[in-house]
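Notes for the one structure printed next.
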Protein chains: 2
Amino acid sequence: MPTPDVSPAAHLIAARGGRVTRARIAVLEILQDSPRSLNHDDVAARLAADGMPHDRVTLYRTLDWLVEQGLAHRIIGPDRARRFKAGGETRSQHAHFHCDRCGHVLCLESIRPEEQFALPAGYQPERAELVFHGTCADCGRQRGTKA
Amino acid sequence: MPTPDVSPAAHLIAARGGRVTRARIAVLEILQDSPRSLNHDDVAARLAADGMPHDRVTLYRTLDWLVEQGLAHRIIGPDRARRFKAGGETRSQHAHFHCDRCGHVLCLESIRPEEQFALPAGYQPERAELVFHGTCADCGRQRGTKA
DNA sequence: GCAACTAATGCAACATTGTAGCATTAGCCG
DNA sequence: CGGCTAATGCTACAATGTTGCATTAGTTGC
Ligand SMILES: [Mn+2]
Ligand SMILES: [Mn+2]
Ligand SMILES: [Zn+2]
Ligand SMILES: [Zn+2]
């Protein structure tokens with residue numbers, strides 16, 4: 001095998017002009033492998049599980065860098081903790097759904113609030129954050145079964 | 001003057017069944033007097049200006065209590081600090097506008113996102129938070145004058 | 001008005017989330 | 001390989017919010 005085994009994550013990182021480090025590859029792959037958004041602790045736990053312990057500060061900086069480069073996007077939950085997700089539409093504005101039961105956050109990429117509302121005169125919106133809170137489909141089924 | 005001088009704020013507090021304390025009256029009046037939403041520091045500064053220094057923890061608890069009782073409402077800014085505002089529609093869900101230049105937050109009580117969007121099947125929204133970010137009317141005027 | 005009861009307060013210590021400075025390591029490039 | 005410097009790791013710090021508990025003060029009954 002001459003040079004076939006460079007991961008897609010590594011390619012994305014290199015294409016942004018950043019150095020391809022183990023930390024960036026590992027974090028980006030973790031985000032890509034997760035269908036859910038992850039907070040810092042989630043990512044740190046997965047790194048540790050992979051036998052790749054990491055400095056807390058480095059993880060903050062790595063995640064921030066991925067967001068800057070458009071490889072991930074971030075939303076701020078009601079628990080004032082940031083959650084991250086890779087893939088999908090990382091650039092565009094879209095709504096999210098936060099499940100108050102299981103705590104997970106879902107991207108609703110078809111809902112784009114900035115296109116829908118007229119603001120008072122003089123107000124110049126640059127982006128919009130729309131977060132729904134409630135019960136997700138999984139938790140709703142469990143409740144339906146239970147009570 | 002026999003018994004005329006019980007402030008409206010005191011009435012509201014008593015009507016909720018809570019004890020009418022100096023802290024609650026002062027904080028509620030500060031929120032009522034401000035057209036802008038205020039964070040903890042803002043409120044603390046106004047308390048201090050009134051010669052009424054207050055414990056940080058008590059202020060947290062007082063503000064939380066006012067929100068619980070429906071006398072104020074709270075939004076979480078992108079700076080992960082809570083902002084509070086009294087009066088207006090403290091119960092209903094409405095959108096907000098956060099000015100990235102001056103940091104102030106405005107209630108947009110005519111915009112109610114939960115009435116406008118259809119979510120995927122199984123998702124049960126209970127409330128929605130919609131926050132626009134950009135430049136407010138005041139800051140927009142200043143920029144127009146300047147550059 | 002006064003005493004008693006307890007909600008509310010004040011204080012100290014702690015928790016969580018995120019940042020700044022700086023020496024060291026390790027990607028990258030020739 | 002050797003040099004350059006981006007990225008890391010570490011320590012210390014900042015901002016925001018919470019917990020436990022002793023003390024104070026609002027209310028209620030008399
Ligand atoms: Mn998303
Ligand atoms: Mn509001
Ligand atoms: Zn759920
Ligand atoms: Zn402004």
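Nothing here was measured: the structure is a model prediction, and the numbers come from that model. Within every chain, numbering begins at 1; the chains are lettered A, B, ... in the order of the sequence lines, protein sequences first and strands thereafter.
- Taking the six-membered ring where the residue is Trp, A/Phe97 and A/Phe132 present parallel rings, their angle staying beneath 30° rather than reaching 60°.
- Distance B/Arg22 CZ to D/dT27 C1': 16 Å, rounded to the nearest Å.
- Between A/Asp64 and A/Arg74, at least one side-chain nitrogen of the basic residue sits less than 4.0 Å from a carboxylate oxygen of the acidic one, meeting the salt-bridge criterion.
- Distances shorter than 4.0 Å separate some side-chain N or O of A/His54 from OP1 or OP2 on D/dG9.
- Taking atom CG of B/Leu59 as the reference point, atom C1' of D/dT16 lies 12 Å away to the nearest angstrom.
- Among the atoms of the strands shown, base atoms are found under 4.0 Å from some heavy atom of A/Arg61.
- You'll find the ring centres of A/His73 and A/Phe84 outside the 6.0 Å limit.
- Ring centroid separation for the pair A/His96 and A/His94 comes in under the 6.0 Å cut-off.
- Side-chain N/O atoms of B/Thr62 include none lying less than 4.0 angstrom from OP1 or OP2 on C/dA8.
- Dashed line: the shortest gap from a side-chain N or O of B/Arg82 to OP1 or OP2 of D/dG17 is under 4.0 Å.
- For the pair A/Asp79 CG and C/dG18 P, the computed distance is 9 Å after rounding to whole Å.
- Comparing A/Gly18 and B/Thr21 along DNA chain D, the residue whose closest nucleotide (by nearest heavy atom) sits nearer the 5' end is A/Gly18.
- Projected onto DNA chain D by closest heavy-atom contact, A/Arg19 and B/Val20 fall at different nucleotides, the more 5' of which corresponds to A/Arg19.
- Nucleic acid contact for A/Thr58: base, since at least one base atom lies under 4.0 Å from a heavy atom of the residue.
- Look at CG on B/Asp55: it is 17 Å from P on D/dA22, rounded to the nearest Å.
- For C/dG18, one of the phosphate oxygens OP1 or OP2 lies less than 4.0 angstrom from a side-chain nitrogen or oxygen of A/His40.
- Proximity of B/Arg24 to the phosphate of C/dA8: a side-chain N or O atom is located under 4.0 Å from OP1 or OP2.
- The shortest distance between side-chain heavy atoms of A/Leu130 and B/Phe117 falls below 4.5 Å.
- Distance CE (A/Met52) to C1' (C/dA26): 13 Å, rounded to an integer number of Å.
- The side chain of B/Ala23 approaches C/dT9 more closely than any other nucleotide in the set C/dT9, C/dT17, D/dT19.
- When heavy atoms are screened at a 4.0 angstrom cut-off, B/Arg80 is found touching base atoms of the nucleic acid.
- Of the candidate nucleotides D/dT8, D/dT18, D/dG26, D/dT18 has the atom nearest to the side chain of B/Asp64.
- Atom pair B/Trp65:CH2 and C/dT9:C1' shows a separation of 14 Å (rounding to whole Å applied).
- Whole-Å rounding puts the A/Tyr60 OH to D/dC10 P distance at 16 Å.
- Look at CG on B/Leu47: it is 14 Å from C1' on C/dG10, rounded to the nearest Å.
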